[in-house]
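In the text below, chain A, chain B and the rest are named by the order of the sequence lines, each starting its count at 1.
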Number of protein chains: 2
Amino acid sequence: MGRNVSGAAKRATIIDVARQARVSISTVSRVLNERPVADQELVVRVRAAADELGYRPNAVARDFRRGRTTSIGVVVPDLANPFFTHVLKGLANDVRAGEHRLLVVDSGEDPEEEIQLVEQLAERCDGMVLCSPRMSRAHLQAVAGLDIPVICTNRSVAGLPLGTIGVDSAVGMAQAVTHLYELGHRHVGYLAGPQSSWSDARRREGLTSAAAACGMEVSVTVAGSASDAGFTRLPDLLREGVTGVLAFNDLVAVGALARLRELEVAVPGDLSVVGFDDIPVAAFLGPPLTTVSVPKEDLGRAAWAMLRQQMQDGEVASEQWLPSALVVRQSTAPHPKRLQSGAGRRDGRRAAR
Amino acid sequence: MGRNVSGAAKRATIIDVARQARVSISTVSRVLNERPVADQELVVRVRAAADELGYRPNAVARDFRRGRTTSIGVVVPDLANPFFTHVLKGLANDVRAGEHRLLVVDSGEDPEEEIQLVEQLAERCDGMVLCSPRMSRAHLQAVAGLDIPVICTNRSVAGLPLGTIGVDSAVGMAQAVTHLYELGHRHVGYLAGPQSSWSDARRREGLTSAAAACGMEVSVTVAGSASDAGFTRLPDLLREGVTGVLAFNDLVAVGALARLRELEVAVPGDLSVVGFDDIPVAAFLGPPLTTVSVPKEDLGRAAWAMLRQQMQDGEVASEQWLPSALVVRQSTAPHPKRLQSGAGRRDGRRAAR
DNA sequence: TTCCGCTCAGAAAACGTTATCTGACAGCCT
DNA sequence: AGGCTGTCAGATAACGTTTTCTGAGCGGAA
């Protein structure tokens with residue numbers, strides 16, 4: 001069945017089915033694509049023949065002929081980063097509902113690799129979503145010239161005909177800063193993200209302007225996007241005498257927390273820590289992390305909605321910004337020197353008392 | 001350039017290039033695929049024409065004609081699970097080196113969805129890697145009938161012509177059990193994984209047989225693969241009176257740790273916890289998690305090596321098992337009732353004394 | 001009865017490549 | 001000088017579909 005004597009499986013084509021069913025290939029195509037066929041007898045014969053031969057249509061041939069692939073491509077800087085995987089979840093859930101499938105590729109945070117992948121993938125997709133692209137503006141422009149709609153997340157592309165959807169990190173950052181200010185902190189540190197990250201620029205911007213507004217001092221050290229960076233760079237800020245630390249993202253905050261534990265600095269007793277993204281483990285850390293929550297799934301959903309619209313209506317490049325909001329958990333508390341009372345609901349295990 | 005008056009970009013084909021360069025399409029194809037062309041003049045003309053028209057070959061047409069896609073598909077139950085993303089990293093790094101690209105899809109832990117995705121993706125790939133497939137054996141058999149090589153990770157497929165590569169979790173589990181036994185624990189609990197998980201079955205098996213070997217009591221409760229499951233189910237084990245807990249994976253352990261913190265049970269002072277997988281945050285937790293380390297990147301690399309071999313040599317279904325090993329950190333300590341001395345290097349903050 | 005129009009399945013064209021085949025021309029040997 | 005061999009680029013045949021075109025058959029209206 002479907003295999004010839006040599007053992008090398010020779011795959012049945014639509015022609016074989018047609019021959020077997022004693023109809024034309026047009027009829028086979030019609031039956032298999034559920035287009036109206038008058039004679040039910042033919043339908044039955046075709047179905048039987050296809051079954052018998054184990055026929056499965058050649059998807060590449062079909063895509064080729066149809067000129068579309070029913071695939072949506074997603075390019076992500078780093079699949080190991082929980083932030084992206086949650087954006088993906090949002091995307092996947094909604095895409096799955098339709099007739100499209102999602103193809104994901106990881107660019108490894110490499111801008112050159114990224115543009116290459118995008119160009120290759122674009123050839124095989126009906127539309128694409130670029131998550132926080134690291135590539136240069138020039139490359140982005142090249143992407144805009146591709147002949148499929150592309151949505152860009154977390155990156156402003158002023159002037160380029162690309163749908164954009166991102167997180168307004170300024171609000172969340174401002175909330176975080178105000179939160180620390182109200183707790184009495186007057187000098188905070190920022191564990192910055194990768195230099196190529198547009199989001200980091202926005203977060204840093206939001207942080208400095210909010211801090212300036214309430215007259216707080218800010219120290220910055222460049223970390224990265226992974227935990228070990230937070231672990232390594234945290235002491236830089238401690239040396240500066242900060243009493244609160246804001247991290248580029250939760251992963252970095254996790255590293256910072258670990259270092260603080262090692263240094264026996266109590267959180268939040270001696271130092272407050274704020275993350276960003278609100279990844280799942282954030283709520284399970286010790287202490288549960290105060291962080292800026294970002295609607296990651298919504299981001300994915302919105303990207304798909306926008307992409308679908310562009311695929312239908314032709315070219316409609318729009319822009320959309322989703323809110324971020326502070327989630328207060330237990331890694332932040334009053335500045336010990338100013339408001340000594342009630343120093344934390346559950347202070348670190350060796351609060352200096 | 002490449003756009004007609006209507007504004008709808010009409011894409012240049014190889015025929016347009018040939019016409020513009022005043023050569024045959026065969027020559028264009030030869031030049032662009034870097035096959036030998038004697039007359040350098042022609043090469044120059046073709047290159048120029050292609051440039052001018054902004055020609056990019058239609059990848060789908062090429063794949064169709066060539067009968068292969070230079071794409072490798074990977075199917076993963078849940079991209080949000082760090083374990084899989086690390087397997088992916090290993091795969092991606094090595095695949096990237098060659099001329100293939102990696103296409104990843106997430107099945108959402110749904111066996112039915114999974115088989116569908118696999119069948120669709122298989123049509124568009126030269127080979128596939130199935131990570132910890134949740135599908136039934138019957139479906140796996142269908143997969144084995146596909147006409148591209150497929151590698152299966154973390155799932156034994158006895159009798160099926162599928163390359164298999166997995167983690168020998170029995171050793172690691174045995175080490176973990178012995179470790180707890182030597183610390184004086186005599187009754188441990190297991191926070192089990194998803195029922196459809198073959199890995200969970202293996203881990204549970206390894207756990208119970210090792211425990212039986214040294215005469216330990218084991219209580220089991222079914223959790224799942226995410227942190228909230230660990231958080232929710234942990235009390236079941238506490239009620240059974242266990243003094244050590246082994247989790248299906250680190251994510252579940254994270255949830256368990258959080259619940260213990262909330263219940264003010266000191267880890268490792270009052271209770272020891274062991275995870276599985278050794279995901280990055282494991283080392284950064286409070287306390288740093290004792291866990292069974294699995295060579296995730298190696299798993300990906302090995303899968304690619306095996307897949308590549310199968311793609312070259314034709315059908316060679318083999319089997320390979322990678323070791324797992326206990327990594328002792330600070331979430332395990334002597335059973336308090338038996339060996340009171342040195343009750344933990346850094347005990348939980350409110351040890352009941 | 002004749003012709004028009006409609007329905008429906010088969011025939012054939014197209015999609016954009018790559019791979020095979022063909023034929024022209026040049027060089028060499030006899 | 002004639003013929004044989006080899007080289008190289010152009011012509012053309014696939015690849016497996018979907019879609020458009022064609023023509024046969026039939027029913028109804030003039």
Side-chain angles (χ1 to χ4, degrees), chain A residues 2 8-47 49-50 53-71 99 120 122-124 126 147-148, chain B residues 2 8-47 49-50 53-71 99 120 122-124 126 147-148:
Chain A
K10 179 63 182 171
R11 197 168 154 172
T13 76
I14 198 174
I15 301 182
D16 301 322
V17 178
R19 196 175 303 140
Q20 171 101 358
R22 302 177 155 276
V23 296
S24 69
I25 59 173
S26 330
T27 301
V28 176
S29 176
R30 278 191 273 259
V31 169
L32 266 32
N33 288 293
E34 277 157 356
R35 258 193 290 277
V37 170
D39 191 343
Q40 286 309 91
E41 161 69 11
L42 295 189
V43 174
V44 172
R45 287 226 303 274
V46 169
R47 288 252 148 76
L53 296 174
Y55 170 71
R56 280 174 306 121
N58 179 326
V60 178
R62 169 160 42 195
D63 288 351
F64 166 52
R65 173 65 236 228
R66 284 192 176 151
R68 62 207 178 79
T69 61
T70 58
S71 296
E99 59 164 0
Q120 287 178 17
E123 288 293 316
R124 299 173 165 80
D126 298 344
D147 31 26
I148 58 167
Chain B
K10 180 61 184 171
R11 198 167 153 172
T13 76
I14 198 173
I15 300 182
D16 302 321
V17 177
R19 196 175 303 140
Q20 171 100 359
R22 304 177 154 275
V23 296
S24 70
I25 59 173
S26 327
T27 302
V28 176
S29 177
R30 277 191 273 258
V31 170
L32 267 32
N33 288 292
E34 277 156 357
R35 259 192 289 277
V37 169
D39 190 343
Q40 284 311 92
E41 161 70 10
L42 295 189
V43 174
V44 172
R45 287 226 302 274
V46 168
R47 289 253 147 76
L53 296 174
Y55 170 71
R56 280 173 309 121
N58 179 326
V60 178
R62 169 162 41 198
D63 288 351
F64 167 50
R65 174 63 237 228
R66 284 193 176 148
R68 61 206 181 81
T69 61
T70 59
S71 296
E99 59 163 1
Q120 287 178 17
E123 288 293 316
R124 299 173 165 80
D126 298 343
D147 30 26
I148 58 168

Tell me which nucleotide among D:dC8, D:dT19, C:dG10 gets nearest to the side chain of A:Ser29.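 Nearest listed nucleotide: D:dT19.
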B:Thr27 side chain, from C-beta outward: closest of C:dA9, D:dC8, D:dG10: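 Of the candidates, D:dG10 comes closest.
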Nearest-angstrom distance from the residue atom [atom1] of [X] to [atom2] of [N]:
X        : N      : atom1 : atom2 : result
B:Arg124 : D:dT17 : CZ    : P     : 13 Å
B:Arg35  : D:dA9  : CZ    : C1'   : 13 Å
A:Leu32  : C:dA9  : CG    : P     : 15 Å
A:Asn33  : D:dG16 : CG    : C1'   : 13 Å
B:Arg68  : C:dT17 : CZ    : P     : 17 Å
A:Glu41  : C:dG10 : CD    : C1'   : 17 Å
B:Arg66  : C:dA19 : CZ    : P     : 6 Å

Where is the tightest heavy-atom contact between B:Ile14 and B:Tyr55, given as atom of each residue plus distance?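 Closest approach of B:Ile14 to B:Tyr55: N-CE1, 3.5 Å.
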Does the side chain of A:Ile148 reach to within under 4.5 Å of the side chain of A:Asp126, using non-hydrogen atoms?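 A side-chain contact is absent here, since even the closest heavy-atom pair is not under 4.5 Å.
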Student check: side-chain heavy atoms of A:Arg56 and B:Asp147 closer than 4.5 Å: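 Yes, at least one pair of side-chain atoms sits under 4.5 Å.
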Reported CD-to-CG distance for the pair B:Glu123 and A:Asp63, which is rounded to 0.5 angstrom: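 It comes to 9.5 Å.
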Reported CZ-to-CD1 distance for the pair A:Arg19 and A:Ile15, which is rounded to 0.5 angstrom: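 Separation between the atoms: 7.0 Å.
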Where each residue is assigned the nucleotide of DNA chain D containing its nearest heavy atom, which of B:Leu42 and A:Arg30 is assigned the position nearer the 5′ end?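 Going by which nucleotide is closer to the 5' end, it is B:Leu42.
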Heavy atoms only, 4.0 Å cut-off, all strands: where does A:Asp63 land among base, sugar-phosphate and nothing?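 No contact.
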Using a cut-off of 4.0 Å on non-hydrogen atoms, how would the nucleic acid contact of B:Ser26 be classed: base, sugar-phosphate, or nothing?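 Base, at least one base heavy atom under 4.0 Å.
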Polar atom pairs (N or O), protein with nucleotides 13-16 of chain C, under 3.5 Å:
| from | atom 1 | to | atom 2 | distance (Å) |
| --- | --- | --- | --- | --- |
| C:dA14 | N3 | A:Arg65 | NH1 | 2.6 |

Qualifying side-chain hydrogen bond (donor to acceptor under 3.5 Å, both in side chains) pairs with a residue from residues 38-47 of chain A, counting only residues at least two apart or across chains: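 Every side-chain hydrogen bond (donor to acceptor under 3.5 Å, both in side chains) pair that includes a residue of residues 38-47 of chain A, provided the two are not neighbours, is A:Glu41-A:Arg45.
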Pair B:Ser26, B:Ser29: side-chain N/O donor-acceptor within cut-off below 3.5 Å: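 Their side chains do not contain a donor-acceptor pair, so the 3.5 Å distance test is not met.
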